[in-house]
Amino acid sequence: MNKMIFTVASVLTSVLVIACGSDGTDNNVNPNIACPPGTFYQNGYCTGGNGITGGYPGQFSAAIGFYSENYQAKNMQTTSALGTFLGEAMGLCNRGHANGGDANCNNWSNSAFDFVIQAPTTQTNTLQATFRAAMRPNPGFNYSYSLPSAGQIAGAFLGFPVPGNPSAYLPKLQLNMTVSVTNNYQGFEARGYGDYYTKANRSLIQLQVPEGKLENGYFTYRLVYKGQVVATGQLVRCGNADCGVNKPLAY
């Protein structure tokens, strides 16, 4: 009798365990983890209902990507506005009152610069843009200085602290941008604003593609910052969704 009661209890316990695991709730899904729109957290990744996986919580989950750069493939041409973008949107130069050498944005015209756009689907209304830059070292002599103003120096002699630059230093800048179709559905534009902790936090950044779609293998573009063209060229589809954004910037 006792043996039969134990058997029945075991069966009921198994049924309850199975029922709890099959009620449509995945114990690995955490709704409180921040993932991109249209994806959810599962088994350590941000996953889409269409099977797309990639990225970790808080990162953008991408299925496709495009890149453009000026140092190897050289499918990008930059303008003099690049220095303004590097200084204000990325905080890489002109951080003091007087700047020279590598600290002066005017000397970054030949710097290595690339950017990548990544999207979860070809029909997305949001994409992530990653911008990276690095100064090309001079084979002969390199120098850099960033000095405070005369008034700040005088204040320092009187015991007042010299204020630092509160702007973020971002050799790799990642922004989420809103996508809309343009040119009678022949092209698109992605719009976003600079990082909150930079001088560009209220400045418009635009990726303009007159003719092209994310389904294509490549398309021409214009990168515009505060109404000034920073770069033009081709965005070429990457061999993988990562697009090498986590690798060191190469020359």
Rounded to the nearest 0.5 Å, what separation is found between the [atom1] atom of [X] and the [atom2] atom of [Y]?
X    : Y    : atom1 : atom2 : answer
S68  : Y218 : OG    : OH    : 14.0 Å
Q228 : T84  : CD    : OG1   : 5.5 Å
L249 : R136 : CG    : CZ    : 9.0 Å
M90  : T198 : CE    : OG1   : 10.0 Å
F85  : S80  : CZ    : OG    : 14.5 Å
N110 : M135 : CG    : CE    : 9.0 Å

If you look only at distance, which donor and acceptor atoms sit under 3.5 Å apart when one is on a side chain in residues 233-241 and the other is two or more places apart or in another chain?
residue: R237; atom: NE; partner: N216; partner atom: O; Å: 3.3
residue: R237; atom: NH2; partner: L214; partner atom: O; Å: 2.6
residue: R237; atom: NH2; partner: E215; partner atom: O; Å: 3.3
residue: R237; atom: NH2; partner: N216; partner atom: O; Å: 3.2
residue: N240; atom: OD1; partner: D242; partner atom: N; Å: 3.1
residue: N240; atom: OD1; partner: C243; partner atom: N; Å: 3.0

Does V245 share a hydrophobic cluster with L127, counting links as ILVMFWY side-chain heavy atoms below 4.5 Å and allowing steps through other members? no
Quick check on the hydrophobic clustering: are I117 and L82 connected, directly or via other members, by side-chain heavy-atom contacts under 4.5 Å? yes
Residue pair [X] / [Y]: nearest heavy atoms and the distance that separates them:
X    : Y    : result
V224 : Q208 : CG2-OE1, 3.7 Å
W108 : A134 : CZ3-C, 3.8 Å
A63  : P120 : CB-O, 3.1 Å
A200 : Y225 : CB-OH, 3.3 Å

Per the side chain to side chain contact (heavy atoms under 4.5 Å, CB included) rule, which among Y221, Y67, Y71 passes with M76? Y221
Tell me if a side-chain donor or acceptor on [X] pairs with a main-chain N or O of [Y] at a distance below 3.5 Å.
X    : Y    : result
N70  : A112 : no
D114 : A133 : no
R191 : Q206 : no
D195 : L170 : no
D102 : S144 : no
T182 : F188 : yes
T79  : V229 : yes
R95  : G87  : no

Should L86 and N94 be marked as a side chain to side chain contact (heavy atoms under 4.5 Å, CB included) after you check the CA-CA gap, both sets of side-chain angles, and the distance that decides it? CA-CA 9 Å; L86 297 181; N94 285 2; over 6 Å; no
Output, in order, the C-alpha distance, side-chain angles, deciding distance and verdict of side chain to side chain contact (heavy atoms under 4.5 Å, CB included) for L175 and I205. CA-CA 10 Å; L175 302 174; I205 300 172; 3.6 Å; yes
Is there a donor in the side chain of N99 and an acceptor in the side chain of S146, or the other way round, less than 3.5 Å apart? yes
With distance as the sole criterion, is a donor-acceptor pair present between the side chains of T130 and Q174 under 3.5 Å? yes
I'd like to know whether NZ of K172 has more than 12 heavy-atom contacts from other residues, nucleotides or ligands below 6.0 angstrom. yes
Using the rule given for side chain to side chain contact (heavy atoms under 4.5 Å, CB included), can you reason through F115 versus L173, listing the C-alpha separation, both sets of side-chain angles and the distance that settles it, and then say yes or no? CA-CA 9 Å; F115 80 94; L173 168 66; over 6 Å; no
List the residues meeting ring pair (Phe, Tyr, Trp, His ring centres under 6.0 Å) with Y185, not counting sequence neighbours, and say none if there are none. none
Which word best sums up how the rings of F113 and F131 line up, parallel for under 30°, tilted for 30 to 60°, or perpendicular for over 60°? parallel
Trace of the side chain to side chain contact (heavy atoms under 4.5 Å, CB included) decision for Y193 with S203: CA-CA 6 Å; Y193 291 86; S203 300; 5.6 Å; no
Please evaluate residues E88 and K226 with respect to the criterion salt bridge (charged side-chain N to carboxylate O under 4.0 Å, His left out), reporting the C-alpha separation (whole Å), side-chain torsions for both, the decisive distance (0.1 Å), and the verdict. CA-CA 11 Å; E88 296 183 3; K226 291 172 42 173; 3.1 Å; yes
